[in-house]
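The structure under discussion appears below in the form of structure tokens.
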Amino acid sequence: MHHISTKIKELAQKAILDCYQVKENSLIIKPTSKEFDADFTIVIFPLVKRLKKSPQEIGDTLGKYMLDRLEWIVDFKTIKGFLNISLSDRIWFDVLDDIADTPHFGQQKNKGEKLLVEYSSPNTNKPLHLGHIRNILLGWSISNILETAGYEVVRTQIINDRGIAICKSMIAWSLYGENKTPKSQNIKGDLFVGNYYVLFDKKFNEEYAAWQKTNTAQIIFNNNSKKLTEELFFKKYKNEYFNNYSQLGKLTRKMLQDWENNDPDVLNLWKKMRSWVLEGFDETLDALNVSIDKDYFESETYLTGKSIVEEGLQKNIFYKKDDGSVWIDLEQNNLGQKIILRSDGTSVYITQDLGTADLRYKDYKMDGMIYVVGNEQDYHFQALFATLKALNRPYADKLFHLSYGMVDLPSGKMKSREGTVVDADDLIKEVIEEATQSTKERGVLDDLSPKEIQDINAKIGLAALKFFILKVQSKKRMVFDPKESVDMQGQTGPYIQNAFVRIRSIQRKANKMNLNGADSKYSILNVYEKNLIKLLLDYPHTIQIASNTLEPSEIANYAYNLAKAYHRFYHEVKILSDPDRSAVLFRLKLSHQVSDVLKNAFYLLGIQMPQKM
RNA sequence: GGCCCCGUAGCUCAACUGGAUAGAGCAGCUGACUUCUAAUCAGCAGGUUUCAGGUUCGAGUCCUGACGGGGUCACCA
């Protein structure tokens, strides 16, 4: 019964075959648009040329044929090149019954495939920000969607916990930290460490500014300035200063070497500070109500890629230049030459990713992987996938880059140097605060315990934030207006929650009225009811699309449309006070199914439903 | 400059993948709570889908070329 449209399509194809002895495979069937009174529409135009008959004649012939064969087709009309088909109400009652009888409606059957999803993937030197939030929400949501679409899913991340940037915060803490800890300062661990990362930059800039006045610096400037102003020259020279003259730079590079040589003091410091950051990350993920099954750390995987480099060289998939660096030729994929290993034998970004991929295969034997990473890395992933393909990895045919656009502020790009980065924890706090204000004003939660109130406010605030981000197609760059993100009216998460809460409220009342049981006498659907059933029927299809296109926004927009249709229905139709008992029971049943699907769809987005609001 | 992505109402986004008169929300204006929760509903207004060509019965969607925005072209990640 979930396949009304495919049934109609098949019948239409049969009709074409029987009436015109022509086979038509790419028939288009779609829901009839609102301004016409029918249920499904078959587009006739493509047939006109082949059959050399008028659209009207073809439509009428096919319509009549179908009307005669299927009892639940009750009418048809050919308008211009469109054959509009009307179905009997009974089929929609059957559909609703069928949905109600389907346990876990929307859940597709097991595909027997395991997919690994990578998201979040932060650096352990500063707290998460708005960009990470988009990443995490997309990763979490697509994981849920894939599970519902029948895949087994493993949620992972790769944590960048090594390298020069990490050492900067370690140096700053050793020099200026006075043995303070997140606990002693009562600061969240990731923010605590991030502050030292910022402090390093500040101290380094001071050091650099002082150095610029020295004779050495002036000589360098005079010899190399090439007409640049002093300011501009030293801006460009910063990196070289760090590597060749800076005291702090020297300390930092020394620390990285010591780290790679397993110096116990450095390792201890590194472990301590890393654990602070990771604790902080955990808190943020908790606050967002998401989780990750398995962490991979670059500190653990950065060496493993090297065995793959050996393998690639042996199989002549990679080649070595005279200086010792290793490359792969991806010219036939239009991706040029890609470096796989540095001339000094140390690994680069892609080396790690090759290693991590194999490590994951060893751990999980997955059939494929999805990397949730910003679109500035499109090229990297093309190269990575092509390389894994060249290496003939068993999972190489099912690798996807869920490439999402940057998040801008109304004022423009987020820039850490200009302090315009929106901190994840601040943002979460803010949206919950906004929800709290709102529920307080409206007084709807007054009879609940403080804990329940807090819980509901968190659900509402997070719904606003998450929906605001997930409703946008992932590949599009989006503008994040903090003011709009806490909006709770119109096309928002709370609007959809509100539809759910209205249904719960009705159900509570219905229970008190002892309105239970089934009644099948209700037989005439109004447009609002029919519309809701049609939308419910769309749900599995929507999951399919979202899963195929890796697009949570499909679910977000679907949920909005369903909630909107319910709000309309709620306003236009008496549910409990209708004198016809069979109507009441039918509408309760319909409402219940709507609430189930809304709840499920929101689950797919990682958003929870409150019972009251 | 080469390659990749984006361009739809004042703003934020849709448009079932080529189908009928391009839809929602916000902001603005008007109306609906003694009635199942008004975080709601209805209405008004808002568009040469950046531009110019092309493909065809039919283009916001496909192709070409401009223009505008962003990304990327590291032995960074």
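Just so it is clear, the model here is predicted, and its values are computed rather than measured. A, B, ... follow the sequence lines: proteins, then strands. Residue 1 opens every chain.
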State which residues pass salt bridge (charged side-chain N to carboxylate O under 4.0 Å, His left out) with A:Glu260; sequence neighbours excluded, sorted by chain then number.
->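 For A:Glu260 the salt bridge (charged side-chain N to carboxylate O under 4.0 Å, His left out) partners, ignoring immediate neighbours, are A:Arg162.
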Hey, which of these two, A:Ser577 or A:Trp327, hits RNA chain B nearer its 5' end, going by closest nucleotide?
->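 Counting from the 5' end, the first nearest nucleotide belongs to A:Ser577.
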Between A:Lys34 and A:Phe480, who's closer to the 5' end of RNA chain B by nearest nucleotide?
->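 On the 5' side of the pair lies A:Phe480.
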Hey, are [Y] and [X] close enough side-chain-wise for a donor-acceptor pair under 3.5 Å?
{"X": "A:Gln337", "Y": "A:Tyr319", "result": "yes"}
{"X": "A:Asn125", "Y": "A:Ser169", "result": "no"}
{"X": "A:Thr439", "Y": "A:Asn457", "result": "yes"}
{"X": "A:Asn84", "Y": "A:Thr41", "result": "yes"}
{"X": "A:Glu24", "Y": "A:Ser26", "result": "yes"}
{"X": "A:Tyr349", "Y": "A:Gln377", "result": "yes"}

What contact category does [X] fall into here, base, sugar-phosphate, or nothing, at under 4.0 angstrom with non-hydrogen atoms?
{"X": "A:Ile28", "answer": "base"}
{"X": "A:Pro46", "answer": "base"}
{"X": "A:Gln473", "answer": "sugar-phosphate"}
{"X": "A:Thr542", "answer": "nothing"}
{"X": "A:Leu341", "answer": "nothing"}
{"X": "A:Asn84", "answer": "base"}
{"X": "A:Ser403", "answer": "nothing"}
{"X": "A:Val479", "answer": "sugar-phosphate"}
{"X": "A:Val326", "answer": "nothing"}
{"X": "A:Tyr560", "answer": "sugar-phosphate"}

Main-chain N/O of [Y] paired to [X] side chain as donor or acceptor, under 3.5 Å:
{"X": "A:Trp270", "Y": "A:Asp161", "result": "yes"}
{"X": "A:Thr78", "Y": "A:Leu83", "result": "no"}
{"X": "A:Gln108", "Y": "A:Gly106", "result": "yes"}

Please map the stems of RNA chain B, keeping only stretches of three or more Watson-Crick or G-U wobble pairs with both distances under 3.5 angstrom.
->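 Stem list for RNA chain B: B:1-7 with B:67-73, B:10-13 with B:23-26, B:28-32 with B:40-44, B:50-54 with B:62-66.
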Is there a side-chain polar atom (N or O) of [X] under 4.0 Å from OP1 or OP2 of [N]?
{"X": "A:Lys80", "N": "B:U21", "result": "yes"}
{"X": "A:Lys475", "N": "B:C6", "result": "yes"}
{"X": "A:Lys321", "N": "B:C75", "result": "no"}
{"X": "A:Lys476", "N": "B:G7", "result": "yes"}
{"X": "A:Lys564", "N": "B:G25", "result": "yes"}
{"X": "A:Arg477", "N": "B:G69", "result": "no"}
{"X": "A:Ser505", "N": "B:C36", "result": "no"}

Please state how far atom [atom1] in [X] lies from atom [atom2] in [N], giving the value in whole angstrom units.
{"X": "A:Leu335", "N": "B:U72", "atom1": "CG", "atom2": "P", "result": "17 Å"}
{"X": "A:Ile44", "N": "B:G18", "atom1": "CD1", "atom2": "P", "result": "19 Å"}
{"X": "A:Leu51", "N": "B:C57", "atom1": "CG", "atom2": "P", "result": "15 Å"}
{"X": "A:Asp580", "N": "B:C36", "atom1": "CG", "atom2": "P", "result": "20 Å"}
{"X": "A:Glu376", "N": "B:C73", "atom1": "CD", "atom2": "P", "result": "10 Å"}
{"X": "A:Asp481", "N": "B:C13", "atom1": "CG", "atom2": "P", "result": "10 Å"}
{"X": "A:Lys574", "N": "B:U40", "atom1": "NZ", "atom2": "C1'", "result": "13 Å"}
{"X": "A:Arg504", "N": "B:U37", "atom1": "CZ", "atom2": "P", "result": "14 Å"}

Could you classify B:C33 for me, syn or anti, using a glycosidic angle within 90° of 0 as syn?
->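 Glycosidic conformation of B:C33: syn.
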Taking O4'-C1'-N9-C4 for purines and O4'-C1'-N1-C2 for pyrimidines, is B:U35 syn (within 90° of 0) or anti?
->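 That one's anti.
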Please report the distance separating the [atom1] of [N] from the corresponding atom of [M], rounded so that it comes out in whole Å.
{"N": "B:U48", "M": "B:G10", "atom1": "P", "value": "8 Å"}
{"N": "B:C73", "M": "B:G18", "atom1": "P", "value": "32 Å"}
{"N": "B:A27", "M": "B:C11", "atom1": "C1'", "value": "8 Å"}
{"N": "B:C6", "M": "B:C13", "atom1": "C1'", "value": "14 Å"}

Stacking check: are the rings of A:Phe45 and B:G58 less than 5.5 Å apart at their centres and under 30 degrees in tilt?
->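 It does not: the ring fails the test against the base of B:G58.
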What parts of residues 483-502 of chain A reach RNA chain B, counting only heavy atoms under 4.0 Å away?
->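 When residues 483-502 of chain A is checked for heavy atoms under 4.0 Å from RNA chain B, the hits, listed by number, are A:Glu484, A:Met488, A:Gln489, A:Gly490, A:Gln491, A:Tyr495, A:Asn498, A:Val501, A:Arg502.
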Look at the side chain of [X] and decide which nucleotide, out of [options], has an atom nearest to it.
{"X": "A:Glu298", "options": "B:C57, B:A77, B:C75", "answer": "B:A77"}
{"X": "A:Glu554", "options": "B:A20, B:A24, B:A15", "answer": "B:A15"}
{"X": "A:Tyr570", "options": "B:G19, B:U37, B:C41", "answer": "B:U37"}
{"X": "A:Lys413", "options": "B:G71, B:A32, B:C16", "answer": "B:G71"}
{"X": "A:Glu572", "options": "B:U21, B:A42, B:C13", "answer": "B:A42"}
{"X": "A:Asp323", "options": "B:U21, B:C75, B:C41", "answer": "B:C75"}

Could you tell me whether A:Phe569 and A:Tyr566 have their ring centroids closer than 6.0 angstrom?
->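 Ring-ring flag for A:Phe569/A:Tyr566: true, centres closer than 6.0 Å.
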Ring centre gap for A:Phe82 and A:Phe45 strictly below 6.0 Å =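 Ring centres of A:Phe45 and A:Phe82 closer than 6.0 Å.
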Is there a donor N/O on one and an acceptor N/O on the other, under 3.5 Å, for the side chain of [X] and the base of [N]?
{"X": "A:Ser343", "N": "B:C75", "result": "yes"}
{"X": "A:Ser553", "N": "B:A14", "result": "no"}
{"X": "A:Lys612", "N": "B:U37", "result": "no"}

Any ion pair linking A:Asp39 and A:Lys534 (charged N to carboxylate O, less than 4.0 Å)?
->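 Judged by the 4.0 Å cut-off on N to carboxylate O distance, A:Lys534 and A:Asp39 do form a salt bridge.
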Out of curiosity, A:Glu118 CD to A:Ile158 CD1, how far, rounded to the nearest 0.5 Å?
->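 Going from the CD atom of A:Glu118 to the CD1 atom of A:Ile158 covers 6.5 Å.
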